[in-house]
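Here the structure is laid out as structure tokens; the discussion comes afterwards.
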Amino acid sequence: MTDADVLIIGGGSIGLNCAYSLLKSGRKVTILDQKNIAAGSSAGNAGHIVPSHIVPLAAPGMIGTALKWMLNPSTSPFSMKASLDPAYLAWLLQFAMACSSANVQRAIPPLKALGLLSAKNFRELVLAEGFDCHYHETGLLFLYQTEEAYAGGKHEAGILHENGLPAEILDAAEVHRREPAALPGVIGGVHFTGDAALHPGRFLEQLARRVRAMGAIVHENTVVSGLQSENGRITRVRTNNGDFSPALVVLAAGAWSPTVVKGLGINIPIQPARGYSLTMRATKKMPRQALLLGERRVAVTPLGNVLRFTGRLELSPLDTRVNEKHIKGIEQAVREYIDLDASLDIQETWAGLRPTTPDGMPIIGYSPRHNNLLIASGHAMLGLSLGPGTGQVVAELAAGSPTAFDLQPFSAERFR
Ligand SMILES: Cc1cc2nc3c(=O)[nH]c(=O)nc-3n(C[C@H](O)[C@H](O)[C@H](O)COP(=O)(O)OP(=O)(O)OC[C@H]3O[C@@H](n4cnc5c(N)ncnc54)[C@H](O)[C@@H]3O)c2cc1C
């Protein structure tokens, strides 16, 4: 059995950011990953850093919207698996119950605090470490083709204003001035000017290199098969490459987190929500900034000499296979909004799993039953964006020092 100070399970966005902050605070770090670090469900995502995203997925009207989408499966951005798995059914019920104004009001202050902390940490981290990852603070521009969706965007801008965050409502002329690649069918937009974007794969590769240089020990192709506990402490982490005896465990296994802690008697209701991306060589008329296509929920991110589209949210099994039909559907959706070359030089297609909780909030904090198990998971569609803030507060919890803000709303206790 190998001793370890802090053992991090999972080397995606959350695991690597935790590693960075823990190393900076003086801890010794070991990272285990069942595959490679800096990959997981984090590398192929849209790369949006969105402190504007303060309204959780579980919000009023969401069930109706999802049902409406599912009536048209060929263009729907959403689908759900048919399964009688009790954990999945319980999750669906909890999600339906959380689609309320009360949940939104409860979620906004902590999501705002974590989002702003992360955005600040991203800026400082990229600058301090000199990462070359196409980091750009040009905001996130939502484009709309229908009055109904545009009204929804204006409503969201109002929520941001009430919470002291920037959002500009743009008429057709202004949206076309800011984004010349937009097609005439775009009738308006909302520009979340406090947002940023970067190339997630490049960012994570450089962060991984940095944490190795800072002394992290990394074991790739190392699958954690279970945790053993005694008297409220994790005493053994079992893997296919031998067992570990850590002082502290950080669970950052994304959508796989519930399987890792199976049998420990803790409830972390996380379901995988698969999405896809396609990345191509730069097009002739590259968009100027990160975009979100309102009605179709597809993201478009210019990343230097490549352009990436991402979309779909499928409540799915733990399966990262790419479905080419949906890749085509995403490309088709972008063609409705953006002036694209007739033929695209696609370099990569990808699928990843968003670790999704029923109330739309991550789980960050100590296990309700173990005093040396920290959970940092369930970041859903925000796991890149919220990475550096999560890393900081996890390091603060590990040190027993005051945290940047109150973490109680993120506690796993809420699912007891
Ligand atoms: C299409 C799409 C677009 C997205 N766009 C954005 C965006 O623009 N901005 C944003 O903020 N977020 C975005 N997201 C969400 C973001 O990608 C996720 O929230 C994020 O990847 C979660 O990070 P994580 O570190 O928790 O999990 P992961 O990245 O999945 O990392 C978990 C790691 O744990 C490892 N692991 C799992 N089980 C074990 C085990 N038993 N033993 C050892 N290792 C294990 C895995 O191999 C993996 O490397 C998007 C997601 C998708 C799918």
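Each residue takes its place number in the sequence, starting with 1. Start at 1 and go down the list; that is how both ligands and their atoms are numbered.
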>> Under 3.5 Å, is there a donor on one side chain and an acceptor on the other for Arg308 and Thr279?
In response: yes
> Just distances here: any N/O of Pro355 and N/O of ligand 1 closer than 3.5 Å?
Replying inline: no
>> Once you measure the plane-to-plane angle for Phe78 and Trp69, does it fall in the parallel (<30°), tilted (30-60°) or perpendicular (>60°) bin?
In response: tilted
> If we only count N/O pairs under 3.5 Å, is Val260 in contact with ligand 1?
Replying inline: no
> Can you find an N or O of Ser41 that's nearer than 3.5 Å to an N or O of ligand 1?
Replying inline: yes
>> Is there a polar contact between ligand 1 and Ala273, counting only N or O atoms under 3.5 Å apart?
In response: no
> Does Asn103 reach the main-chain N or O of Ala58 with its side chain, forming a donor-acceptor pair under 3.5 Å?
Replying inline: yes
> Backbone or side chain, does any N or O of Gly47 fall under 3.5 Å from an N or O of ligand 1?
Replying inline: yes
> Relative to ligand 1, is Thr222 under 4.0 angstrom through side chain, backbone, both or neither, heavy atoms considered?
Replying inline: backbone
>> Under 4.0 Å, counting heavy atoms only: does Ser277 come that close to any atom of ligand 1?
In response: no
>> If we ignore hydrogens and angles and just use 3.5 Å, is the side chain of Thr403 paired with the main-chain N or O of Asp406 as donor and acceptor?
In response: no
> For atom 34 (O) of ligand 1, what is the nearest protein heavy atom, given as residue, atom name and distance?
Replying inline: Gly10 CA, 3.3 Å
>> Looking at ligand 1, is there an atom of it that comes within less than 4.0 Å of some heavy atom belonging to Ser377?
In response: no
>> Ignoring hydrogens, what is the shortest heavy-atom contact between Val237 and Pro246? Give both atom names and the distance.
In response: CG2-CG, 4.0 Å
> Closest non-hydrogen protein atom to atom 50 (C) of ligand 1, residue and atom name please, with distance?
Replying inline: Asn45 CB, 3.4 Å
> Relative to the heavy atoms of Leu382, which atoms of ligand 1 are at a distance of less than 4.0 Å?
Replying inline: 10 (C), 11 (O), 12 (N)
> Which of the listed options, Ser42, Gly40, Ala39, Gly12, holds the heavy atom that is closest to atom 29 (O) of ligand 1?
Replying inline: Ser42
> Using a distance-only test with no angle check, is there a side-chain donor-acceptor pair under 3.5 angstrom linking Gln332 and Glu336?
Replying inline: no
>> Tell me if the CD atom of Glu230 is crowded by more than 12 foreign heavy atoms within 6.0 Å.
In response: no
> Just heavy atoms, cut-off under 4.0 Å: does Ala380 contact ligand 1 by side chain, backbone, both, or neither?
Replying inline: backbone
> What's the shortest distance from atom 10 (C) of ligand 1 to any protein heavy atom, and which residue and atom give it?
Replying inline: Met381 O, 3.2 Å
>> Need the ligand 1 atom indices (1-based, order shown) with element for anything under 4.0 Å from a heavy-atom of Gly254.
In response: 26 (O), 27 (O), 32 (C)
> For His53 and Leu111, what are the C-alpha separation, side-chain angles and deciding distance, and is it a side-chain contact (heavy atoms from CB on, under 4.5 Å)?
Replying inline: CA-CA 8 Å; His53 205 107; Leu111 284 178; over 6 Å; no
> Starting from atom 43 (C) of ligand 1, which protein heavy atom do you reach first, and at what distance in Å?
Replying inline: Gln34 N, 3.1 Å
>> Return the closest protein heavy atom for atom 38 (N) of ligand 1 as residue, atom name and distance.
In response: Trp256 CB, 3.3 Å
> Counting heavy atoms only, which of Ile8, Ile330, Asp33 is nearest atom 48 (C) of ligand 1?
Replying inline: Asp33
> Without hydrogens or angle criteria, can the side chains of Thr30 and His219 be said to hold a donor-acceptor pair below 3.5 Å?
Replying inline: no
> Does the side chain of Asp132 come under 3.5 Å of the side chain of Gln206 through a donor N or O and an acceptor N or O?
Replying inline: no
> What residue and heavy atom of the protein are closest to atom 9 (N) of ligand 1, and at what distance?
Replying inline: His48 O, 2.9 Å
>> Distance alone, cut at 3.5 Å: any donor-acceptor contact between the side chains of Tyr276 and Glu314?
In response: yes
>> Using a 4.0 Å heavy-atom cut-off, which part of Ile14 comes near ligand 1: side chain, backbone, both, or neither?
In response: both
>> Looking at every heavy atom in both Arg414 and Met361, which two are closest together, and how far apart are they?
In response: NH2-O, 2.8 Å
>> Please state which option from Val50, Val224, Val261 has its nearest heavy atom closest to atom 41 (N) of ligand 1.
In response: Val224
> What class does the angle between the rings of Phe122 and Phe203 fall in, given that below 30° is parallel, 30 to 60° is tilted and above 60° is perpendicular?
Replying inline: tilted
> In the protein, which heavy atom is nearest to atom 53 (C) of ligand 1, and how far is it?
Replying inline: Gly352 O, 3.4 Å
> Could you give all pairs that pass the side-chain hydrogen bond (donor to acceptor under 3.5 Å, both in side chains) test and reach residues 362-387, with sequence neighbours left out?
Replying inline: Arg233-Asn371, Ser257-Ser377, Ser367-His370, His379-Thr390
>> With heavy-atom distances below 4.0 Å as the criterion, list the atoms of ligand 1 near Gly275.
In response: 1 (C), 53 (C)
>> Is the contact between Ala252 and ligand 1 made by the side chain, the backbone, both, or neither, using heavy atoms and a 4.0 Å cut-off?
In response: backbone
>> Would the distance check show the side chain of Thr239 and the main-chain N or O of Thr222 forming a donor-acceptor pair, the cut-off being under 3.5 Å?
In response: no
> Less than 3.5 Å between some nitrogen or oxygen of Ser385 and one of ligand 1, yes or no?
Replying inline: yes
>> Please evaluate residues Glu129 and Tyr20 with respect to the criterion side-chain hydrogen bond (donor to acceptor under 3.5 Å, both in side chains), reporting the C-alpha separation (whole Å), side-chain torsions for both, the decisive distance (0.1 Å), and the verdict.
In response: CA-CA 11 Å; Glu129 302 294 352; Tyr20 181 79; 2.5 Å; yes
> When only distance counts, is Ala46 in polar contact with ligand 1, meaning an N/O pair under 3.5 Å?
Replying inline: yes
>> For atom 51 (C) of ligand 1, what's the nearest protein heavy-atom neighbour? Residue, atom name and distance, please.
In response: Arg354 CG, 3.5 Å
